[in-house]
Amino acid sequence: MLDAYLIRNELAKVAKALASRGYSLDQARLQDLEIKRKSLQAVTQTLQAERNSKSKNIGKAKAQGEDIQPLLDEVANMGDQLKAAETELSQLKDELNNILMDVPNLPHESVPAGLTEEYNQEVRRWGEPRQFDFTIKDHVDLGEQLGQLDFETAAKITGSRFVVMNGGLARMHRALIQFMLDLHTSEHGYTETYVPYIVNADSLRGTSQLPKFEEDLFKLHAEQEYYLIPTAEVPVTNIVRDTIIENKAMPRKFVCHTPCFRSEAGSYGRDTRGMIRQHQFEKVEMVQVVKAEDSYQALEDLTNHAEEILKRLELPFRTMALCAGDMGFSASKTYDLEVWLPSQNTYREISSCSNFEAFQARRMQARWRNPETGKPELVHTVNGSGLAVGRTLVAIMENYQNKDGTITVPEVLHHYMGGVLKIDLK
RNA sequence: GGAGAGAUGGCCGAGCGGCUGAAGGCGCUCCCCUGCUAAGGGAGUAUGGAGUUUGUAGCUCCAUCGAGGGUUCGAAUCCCUCUCUCUCCGCCA
């Protein structure tokens with residue numbers, strides 16, 4: 001959510017910034033509602049003040065044994081008047097709030113201009129795509145021929161966009177999670193965290209999956225309004241919701257492995273083959289809760305932390321600065337990491353690292369106490385995948401494949417694979 | 001799943017219809033005093049919002065005692081719904 005101060009006082013500027021990411025803000029309507037809100041709030045508060053002071057007088061008069069009937073007559077119809085004003089005001093505030101909850105974040109000044117992905121800018125590239133001297137297979141063929149990826153059985157058990165893994169691939173999938181968590185905790189300073197995989201609507205509003213993106217979520221048919229998490233970002237970031245963090249506890253850096261559940265509504269034709277786009281996948285997520293002045297450095301650091309995983313796995317990748325129009329709803333700035341997929345002869349997204357500035361913090365009322373002023377200030381939140389595990393597995397399978405259909409295990413995973421060097425038929 | 005108890009400020013804890021944004025204690029900050037230490041005295045110590053203002057300073061006002069409704073001139077206090085916590089029984093990885 002944007003700062004209400006900006007909406008009130010710099011509406012034109014805000015509208016212009018939003019237009020750069022393809023969002024058209026209804027300025028006239030907002031301004032109109034805001035003027036109404038202002039006068040109605042003033043009226044309501046005046047009535048409340050009057051009611052409060054008169055009620056106090058009644059209390060005093062009664063304590064002194066005076067006749068309070070004249071005073072009661074005086075306030076006789078105040079109640080209705082006040083109630084009407086309060087009701088109208090709260091409706092107006094709801095309306096304003098609903099609009100504001102739907103407005104995306106403002107892009108940072110360093111974000112490339114442009115509305116579509118062609119305007120994303122490559123910031124760096126690492127590694128050389130391997131030259132194969134045989135006809136390569138994609139991960140689906142490799143996995144099925146190894147008998148270790150099984151989409152048919154998954155479709156029987158559940159439906160499309162799920163997978164059953166077994167044997168070496170299932171183990172490597174698990175090994176990747178361990179490797180990522182170990183690297184981020186031991187070398188990058190994150191605290192390993194375990195969280196619920198089912199969250200309530202407040203948490204989803206906090207990180208802004210709700211109200212706008214409900215169709216992307218799996219909602220449970222339970223008594224409570226519960227949802228499966230689409231990313232660890234939701235439960236982990238909401239750890240700091242409605243809290244004031246002491247200065248000495250800042251910054252907070254969490255790393256967390258969770259499954260992620262996405263309905264993928266509206267993506268029916270896309271990536272239907274294989275493990276690229278599933279309803280359920282594993283992800284290791286990094287979340288940093290930092291002071292405002294530190295958040296852009298934190299974004300660079302966190303992006304480097306994600307890149308480090310790819311480097312150690314020796315997977316070629318490039319880092320893209322997303323243009324204004326291609327960024328997610330709540331991001332001020334986003335870097336996507338794209339890993340090389342030989343079968344697609346292109347780079348595909350494997351991590352997305354974003355600075356949300358105070359956008360999520362404002363919704364969550366997540367603050368830290370500035371010792372210089374003694375006052376709470378909104379934190380900035382920064383997060384990114386480090387990495388999407390299923391896609392990492394896909395990248396390893398395709399980049400490390402051998403002519404005979406076996407897959408060489410990357411060196412950094414040997415330790416986690418109990419000395420298995422190659423994934424083959426047995 | 002059954003039975004009961006509870007939710008108040010950073011923490012503990014009073015209040016059970018009016019002068020309570022909230023006693024008292026602890027903690028914390030500042031000041032004073034004591035040769036040091038320990039102790040003592042004083043002042044301060046929630047959050048969000050609106051108005052005013054050049055101002056995120058000051059001042060005025062409003063809201064908030066788990067959440068949401070209701071009763072009342074007036075609710076932390078009474079009523080309803082929900083959430084969470086604790087105790088006992090049952091079940092259970």
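Just so it is clear: chains get the letters A, B, ... in the order the sequence lines come, proteins before strands, and each one is counted from 1.
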- prompt: Taking both distances under 3.5 Å as the test for a Watson-Crick or G-U pair, what stems of at least three pairs does RNA chain B have?
  reply: B:1-7 with B:83-89, B:10-12 with B:24-26, B:27-32 with B:40-45, B:46-52 with B:58-64, B:66-70 with B:78-82

query: Of all heavy-atom pairs between A:K333 and A:S110, which one has the smallest distance, and what is that distance?
result: NZ-OG, 2.8 Å

- line: Rounded to whole Å, the CG-C1' distance (A:D242 to B:C84) equals 14 Å

query: Taking RNA chain B as the partner, which of residues 39-54 of chain A come within under 4.0 angstrom of it by heavy atom?
result: A:Q41, A:Q45, A:Q48, A:A49, A:R51, A:N52

- prompt: Which listed nucleotide (B:G48, B:U71, B:C19) is nearest to the side chain of A:P376?
  reply: B:G48

message: I'd like the P distance from B:C59 over to B:A22, given in whole Å.
response: 16 Å

- prompt: Taking atom P in both B:U20 and B:U83, what distance in whole Å separates the two?
  reply: 36 Å

- request: Pick base, sugar-phosphate or nothing for A:K62, based on heavy-atom distances below 4.0 Å to the nucleic acid.
  value: base

message: Can you check the distance between B:G44 and B:G9, where both ends of the measurement are the C1' atom (answer in whole Å)?
response: 15 Å

query: Quantified in whole Å, what is the C1' atom distance between nucleotide B:G25 and nucleotide B:C88?
result: 33 Å

- prompt: A:R367 has a side chain; which of B:U47, B:G18, B:G51 sits nearest to it?
  reply: B:U47

message: What I want to find out is whether A:R277 reaches A:E264 closely enough, with some N-O distance under 4.0 Å, to be called a salt bridge.
response: yes

- request: Compute whether any side-chain donor of one residue and acceptor of the other, for A:T381 and A:Q360, lie under 3.5 angstrom apart.
  value: yes

field: C1' gap between B:C19 and B:A75, integer Å
entry: 15 Å

message: Could you check whether A:Q48 and A:N52, counting side-chain N and O atoms only, form a donor-acceptor pair closer than 3.5 Å?
response: no

message: Any side-chain to backbone donor/acceptor pair from A:S20 onto A:A17? Under 3.5 Å, distance only.
response: yes

message: Taking B:A5 as the reference, what is the distance to B:C92 when you measure between their P atoms (whole Å, please)?
response: 28 Å

- prompt: Between A:H188 and A:Y190, how do the two ring planes meet: parallel, tilted or perpendicular, split at 30° and 60°?
  reply: perpendicular

field: Closest nucleotide among B:G18, B:U71, B:U56 to the A:I58 side chain
entry: B:G18

- prompt: Which residue, A:E86 or A:Y226, contacts RNA chain B at a nucleotide closer to its 5' end, judged by nearest heavy atom?
  reply: A:E86

- prompt: Tell me: CZ of A:R241 to P of B:U47, nearest whole Å?
  reply: 20 Å

Distance, rounded to the nearest Å, where A:L92 contributes CG and B:C62 contributes P: 21 Å

- prompt: B:G74 P sits how many Å from A:Q81 CD, rounded?
  reply: 13 Å

- prompt: Is A:E398 reaching over with its side chain to a backbone N or O of A:H139, donor-acceptor style, under 3.5 angstrom?
  reply: yes

- prompt: In Å, rounded to the nearest 0.5 Å, how long is the span from CD of A:E282 to CZ of A:R174?
  reply: 12.5 Å

task: If a pair satisfies salt bridge (charged side-chain N to carboxylate O under 4.0 Å, His left out) and one of its residues is in residues 84-102 of chain A, list it, with sequence neighbours excluded.
output: A:R29-A:E95

- prompt: Considering only side-chain heavy atoms of A:Q365, which listed nucleotide, B:G48, B:G18, B:A46, is closest?
  reply: B:G48

- request: Using the P atom as the reference point in each nucleotide, state the distance between B:U29 and B:G70 in Å, no decimals.
  value: 45 Å

- prompt: Taking atom C1' in both B:U8 and B:G21, what distance in whole Å separates the two?
  reply: 11 Å

message: Between P on B:U64 and NZ on A:K93, what's the gap in Å once rounded to a whole number?
response: 12 Å

task: Measure from NZ on A:K375 to C1' on B:U47 and round the result to the nearest Å.
output: 9 Å

- prompt: Is any N or O donor-acceptor pair between the side chain of A:K56 and the base of B:G18 shorter than 3.5 Å?
  reply: no

query: Out of curiosity, A:S332 OG to A:M327 CE, how far, rounded to the nearest 0.5 Å?
result: 6.5 Å

- request: Tell me which nucleotide among B:U47, B:U56, B:G51 gets nearest to the side chain of A:R37.
  value: B:G51

task: For A:L71 and B:G74, give me the distance from atom CG to atom C1', rounded to whole Å.
output: 12 Å

query: Hey, mind stepping through A:E214 and A:Y227 against side chain to side chain donor-acceptor pair (under 3.5 Å) and telling me if it holds?
result: CA-CA 10 Å; A:E214 178 151 23; A:Y227 299 81; 2.7 Å; yes

- request: Please state whether the phosphate of B:U47, meaning OP1 or OP2, lies under 4.0 angstrom from any side-chain nitrogen or oxygen of A:R369.
  value: yes

message: Heavy atoms from C-beta onward define the side chain here; which of B:C73, B:U71, B:U47 lies closest to that of A:S55?
response: B:C73

Interatomic distance, A:I244 CD1 vs B:C28 C1' [rounded to whole Å]: 15 Å

- prompt: For RNA chain B, whose closest nucleotide is more 5', that of A:K60 or that of A:K83?
  reply: A:K60

